[in-house]
Amino acid sequence: VEQRLLETWRRWRERPATQPLWATALRHRLSGGSPPVPATGLADRSGPIPDAPGRVLGMLLGGAVGEFVALGEVGQRTSALLFALEGLIRAHTRARASGDGDPVAFALGGLRRWMHTRGVPWADCGTESAHPNGWLVRERALHSSRVDEPTMLSALARVAAGQPAGTRKHPITSSDSATAVPLGALAALWSGDPGTVFALGGDFAALTHGHVHGHTPASVLGTSVLWLLRGHPLEASLRQGIASWQSARATLGHALRL
């Protein structure tokens with residue numbers, strides 16, 4: 001029995017995706033610790049949410065598997081999401097060290113590194129470093145010249161050329177495609193406040209997608225993920241996300257009932 005337990009533990013260490021959610025939660029409960037400072041969507045008033053790390057991993061894997069089934073490879077939505085997430089990790093590191101870490105600016109920095117994996121020369125990505133920095137940009141499995149939908153790449157190319165990044169008030173494009181919508185889920189990791197998450201999710205997508213239909217669904221997704229990370233049912237989480245989008249509540253509510 002001890003040998004089997006040891007083998008199972010080793011397998012979970014080598015392949016975290018095979019680790020059950022209850023095991024991830026148990027590990028975090030045993031490790032103790034205090035809520036991160038500044039607080040994030042992975043903690044509440046009582047401390048870190050034990051199930052949240054496993055749920056984040058499930059979110060990333062689920063999105064990647066869905067895209068791989070559709071495209072036959074890791075597509076630009078999955079890879080862009082990973083680079084934006086890396087940017088948020090850098091932002092939170094800065095915030096813990098100095099109290100100043102702009103999540104939108106750091107997510108944009110991550111997307112600049114993502115540009116390089118799409119075949120853009122590093123010198124044309126608008127970064128300040130002379131060479132690609134970070135382990136993710138050097139991961140060859142994420143490099144591909146294929147572009148599923150060019151809006152994100154073309155908008156980032158404008159930013160790299162000196163144009164201001166898009167915002168909800170000052171759009172960089174009029175695109176209403178869903179390419180940047182998955183980025184909204186990352187807002188749920190930055191804050192535990194639904195209002196902040198709703199705004200930040202839209203800000204992430206608005207970096208490249210200017211139409212309200214291109215970035216507001218990212219806000220809805222972020223708020224929904226915030227509730228999902230806390231163990232709420234899918235339908236209740238979606239309703240909370242939809243509740244913040246006043247102009248589309250009736251339409252989305254009808255779609256949810258269907």
Side-chain angles (χ1 to χ4, degrees), residues 16-17 40-42 52-93 102-120 125 132 134-156 159 165-166 175 177-191 197-209 214-226 228-229 237 241:
T40 73
L42 303 180
R55 295 184 189 278
V56 171
L57 180 59
M59 177 186 72
L60 295 172
L61 285 173
V65 168
E67 190 172 47
F68 192 90
V69 169
L71 301 177
E73 65 178 5
V74 176
Q76 69 178 60
R77 289 166 181 80
T78 296
S79 57
L81 182 72
L82 291 175
F83 277 94
L85 175 58
E86 183 195 40
L88 285 190
I89 293 172
R90 295 184 183 212
H92 199 264
T93 302
D102 181 357
V104 179
F106 275 85
L108 177 59
L111 292 175
R112 289 177 186 269
R113 291 187 289 277
W114 171 79
M115 284 180 63
H116 181 58
T117 68
R118 299 294 100 181
V120 178
C125 293
W135 68 269
L136 198 59
V137 75
R138 294 193 292 268
E139 184 62 47
R140 299 309 305 175
L142 297 178
H143 284 245
S144 173
S145 59
R146 176 173 175 173
V147 178
D148 317 326
E149 194 273 312
T151 301
M152 181 181 290
L153 189 61
S154 59
L156 291 172
V159 175
S175 175
S177 67
T179 307
V181 169
L183 300 182
L186 300 178
L189 308 182
W190 183 261
S191 173
V197 170
F198 188 88
L200 186 58
D203 289 340
F204 287 154
L207 287 170
T208 57
H209 286 64
H215 55 72
T216 306
S219 298
V220 173
L221 177 61
T223 307
S224 300
V225 169
L226 180 66
L228 288 170
L229 291 178
S237 299

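In this text, all values refer to a predicted model and were calculated from it rather than measured experimentally.
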**Fill in**
Minimal heavy-atom distance between E73 and S144, with the atoms involved, is OE2-OG, 4.1 Å

**Request:** Might you point out which heavy atoms bring T223 and V197 nearest each other, and give the distance in Å?
**Result:** N-CG1, 3.6 Å

Answer yes or no: is there a donor N or O on one side and an acceptor on the other, between the side chain of [X] and the main chain of [Y], under 3.5 Å?
X	Y	answer
S219	G202	yes
E86	G110	no
H143	V137	yes
R118	R146	yes

**Message:** Checking E67 now: which residues fulfil side chain to side chain donor-acceptor pair (under 3.5 Å) with it, not counting sequence neighbours?
**Reply:** T78

Side-chain heavy-atom pair [X], [Y] within 4.5 angstrom cut-off:
X	Y	value
H209	S177	yes
L136	R113	no
L189	L85	yes
V220	F198	yes
R77	E149	yes

**Item:** Point-to-point distance, once rounded to the nearest 0.5 Å, from CG of L88 to CG of L200
**Value:** 7.0 Å

Could you list the donor-acceptor pairs under 3.5 angstrom formed by side chains in residues 54-62, with sequence neighbours left out?
none

**Complete:** Residues pairing under side-chain hydrogen bond (donor to acceptor under 3.5 Å, both in side chains) where one sits in residues 103-112, two or more places apart or in two chains, turn out to be none

